[in-house]
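Sequence positions, counted from 1, serve as the residue numbers for this chain.
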Amino acid sequence: MPPMPPARWLNSHKPLAGAYLPLAVALGTGSSLLLIVQAWLLAKVVDGVSLRGAGLAEVQTWLWPLLGLYLARAVLAWLAERAAFRGAARVKVALRDRVFRHIQALGPGYLSGERSGALVESLVKGIEDLEPYYARFIPAMSLSAIVPLAIVAVVLPLDWLSGLVFLLTAPLIPLFMILIGKGAEALNQRQWRRLARMSGRFLDTIQGLPTLKLFNASRREAEAIARVSEDYRRSTMQVLRVAFLSSAVLEFIASLSIAILAVFIGFRLYRLDLPLPDALGVPEIGFVTGFFVLLLAPELFLPLRNLGTHYHGRMEAIAAAGRLREVLDTPVPKGHQGTATLPPGAPLHLRLEGVCFAYAPGREALRGLTFELQPGERVALVGPSGAGKTTLVNLLLGFLRPDAGRILVDGVDLAGIDPADWRRHLAWVPQNPRLFRGTLLDNIRLGAPDADLDAVRGAARRARAAGFIEDLPLDYGTLVGEGGQGLSGGQIQRIALARAFLRNAPLVVLDEPTASLDPASEGLVQEGIDDLARGCTLLVIAHRLKTVQGADRILILDAGRVVQEGHHAGLVAADGPYRELAAAYGGLS
């Protein structure tokens, strides 16, 4: 099935605005209808004062209603504006939530292949670029069809020649707008892609600034950013040139049409012969009618000119919609989507039976992987890079689903278990834990937001984190920066362990928990892991043999299969991959 065009995709989300967009159109239509009455009253006032010598007292009958119409139109315009922006805000909130949730569902595998800056651009500026489309362009498009027809319907019975001029000239504006817009749309989409690349480059540069400084590459990177910025500037100027050209063309057509109408009315008011065939029977026209039609002429073209003005917003929205649609059309990896639940309590029994997984043809990560974890058992999984350890973690966390084989939890196929329920039974401590900007208290109870302070303190003590936390001036109320700024690697790791303790999950997965830590921090983290292992089923994935020596069993994974299994002492004594690994890491003793 071909992808939905961006314009149709944008229109398919109009229902998200609720009744606000139709309300904005209705209010705008009401204001335009009042404008017709206002023009008629103004024509009567000018006729009375200019041609009939009427004084203020005589025209007050028309002036007071005029004042009321001005006020009413101002109120309607204000309400229409508010309704349009309310509707656009609802669409933005709903779409941002949908895109964010879809990215969450796509999981770490998708994020690893995307540039963070480009994704942030889609979620922030991309969504914001939709506002002019829903708040401005859609109401303008509706009014550009309703208001001119209403004015023509009023003018035709009064003066068919003026009505004919309206009918012949008004369609020229949307026609030229479409012709110019086709080229501008391609320019906008190209500009959006350049903006996404530039945003990604900026973010990469900021995040890697220490590395760039260390290798004296910051100046080269600044020059590269200057080139990208200049490329984006040129693209922006191209789009603006087209936008200004289209506005100038539309203004010229509208002005020319009004001028033609004014000439026709002026000829007839002065009783001059028009350069038209006599067979047409050009009607005479009075001052009130002529002035009334002239007052309505700019208002007939105003919605069409507004549509042209906001057409640039439409093109920006289409460019943004293309990227948002790409994200939303990305298929979610197969994960377990069952409804079964697990009883809370005792440690879990986990069994993998012939599990296979491939990221693409020829890129097999797991090949018939089979092993089991008994309740309360501590199992370590080691192996070279590319052996399939990370893939196994993603399968257990529910981000991926096996291509073949099964993962059984207490005899229940993981594919049939409700994902939210399954993750309530899990605690995960990754190699590089993520701390969020906020207090240490909030970061520790990330997985148990309702936990009280005493429970948090207990989890921190068991994770060997209470010592350094309570030495801080605000202890658990201390603010940490994004990514744990202000804390050492070992402290961040112990905060992550405290999260796992507080979660009190029956299955704990540790992914390289002591990697890149100094000996002192490693010792404290290892003490915390030993404490955590009591009362749960523990799977430790590691390279460093000191982390796994105390495991009940060690599994050696290579090329997606378990190639060796046993205890540390027995595996070191026997020839095989583990002995080679131990020799490489100095762990033969």
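Across every non-hydrogen atom of P402 and F357, the tightest pair is CA-CD1, 4.4 Å. Between V155 and G163, the closest heavy-atom pair is CG1-N, 3.8 Å. Nearest heavy-atom pair, L324 versus W9, reported as atom, atom and distance to 0.1 Å: CB-CH2, 4.0 Å. Pairing each heavy atom of L76 with each of S31, the nearest pair is CD1-N, 3.7 Å. For A24 against A80, the heavy-atom pair with the smallest separation is CB-O, 3.5 Å. In plain terms, the two heavy atoms of A505 and A427 that are nearest each other are CB-N, 3.6 Å.
Taking CG of L261 as the start and CG of L296 as the end, the distance is 10.0 Å to the nearest 0.5 Å. Taking CZ of R73 as the start and CG of L33 as the end, the distance is 10.5 Å to the nearest 0.5 Å. Note that the CG atom of D159 and the CD1 atom of I265 stand 6.5 Å from one another [nearest 0.5 Å]. For the atom pair R8 CZ and R325 CZ, the distance stands at 10.5 Å (nearest 0.5 Å). Interatomic distance, CG of L300 versus CG of L149, reported as 9.0 Å (0.5 Å rounding). Atom OH of Y70 and atom CG of L42 lie 5.0 Å apart (nearest 0.5 Å).
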Check your understanding: Do V91 and Y20 pass the side-chain contact (heavy atoms from CB on, under 4.5 Å) test, and can you show the C-alpha distance, the side-chain angles, and the key distance before you say yes or no?
Key -> CA-CA 11 Å; V91 175; Y20 284 107; over 6 Å; no

Check your understanding: Yes or no on side-chain contact (heavy atoms from CB on, under 4.5 Å) for I36 and F292, after CA distance, side-chain angles and deciding distance?
Key -> CA-CA 9 Å; I36 296 173; F292 172 62; 3.9 Å; yes

Practice item. Evaluate the side-chain contact (heavy atoms from CB on, under 4.5 Å) criterion for residues V293 and L158: first the C-alpha distance (whole Å), next the side-chain angles of each, then the deciding distance (0.1 Å), finally the verdict. Key: CA-CA 9 Å; V293 172; L158 297 175; 5.6 Å; no

Practice item. Could you walk me through whether W422 and L397 pass the side-chain contact (heavy atoms from CB on, under 4.5 Å) test, one step at a time? Key: CA-CA 8 Å; W422 167 237; L397 296 178; over 6 Å; no

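Remark: side-chain polar atoms of T29 are paired, donor with acceptor, to backbone N or O of V25 under 3.5 angstrom. One N or O on the side chain of Y134 and one on the backbone of L10 form a donor-acceptor pair closer than 3.5 Å. Proximity of a side-chain donor or acceptor of H102 to a complementary backbone N or O of P331 within less than 3.5 Å is not detected. In this structure a side-chain-to-backbone donor-acceptor pair under 3.5 Å is present from S144 to M141. Checked by atom type and distance alone, the side chain of D418 pairs as donor or acceptor with a backbone atom of D421 at under 3.5 Å. Under the 3.5 Å distance criterion, the side-chain polar atoms of R445 are matched with a main-chain donor or acceptor of A451. In this structure, the side chain of N443 engages the main chain of T439 through a donor-acceptor pair within 3.5 Å.
Within 6.0 Å of the CH2 atom in W62, the count of heavy atoms belonging to other residues, nucleotides or ligands does not exceed 12. With a 6.0 Å radius and a threshold of 12 heavy atoms from other residues, nucleotides or ligands, R96 has its CZ atom above the threshold.
In this structure, F301 and S257 have side chains that are in contact, with non-hydrogen atoms separated by less than 4.5 Å. Using a 4.5 Å heavy-atom threshold, the side chains of L164 and F264 count as separate. V263 is not listed as a side-chain neighbour of I260, based on a closest heavy-atom distance of 4.5 Å or more. K44 has its side chain within reach of V288: a pair of non-hydrogen atoms, C-beta onward, lies under 4.5 Å apart. In this structure the side chain of L446 never reaches within 4.5 angstrom of the side chain of D442, judged on heavy atoms. A 4.5 Å side-chain heavy-atom check between E299 and V147 finds every atom pair outside the cut-off.
In this structure, a donor-acceptor pair under 3.5 Å is present between the side chains of R98 and H13. Donor-acceptor pairing under 3.5 Å is lacking for the side chains of T391 and N394. Side-chain contact annotation: Y359 with D403, donor-acceptor N/O pair under 3.5 Å absent.
A salt bridge is absent between R227 and E230; no separation between the charged side-chain nitrogens and carboxylate oxygens falls under 4.0 Å.
Under the rule for a side-chain contact (heavy atoms from CB on, under 4.5 Å), the partners of R136 that lie at least two apart in sequence or sit in another chain are E81, F85, H310.
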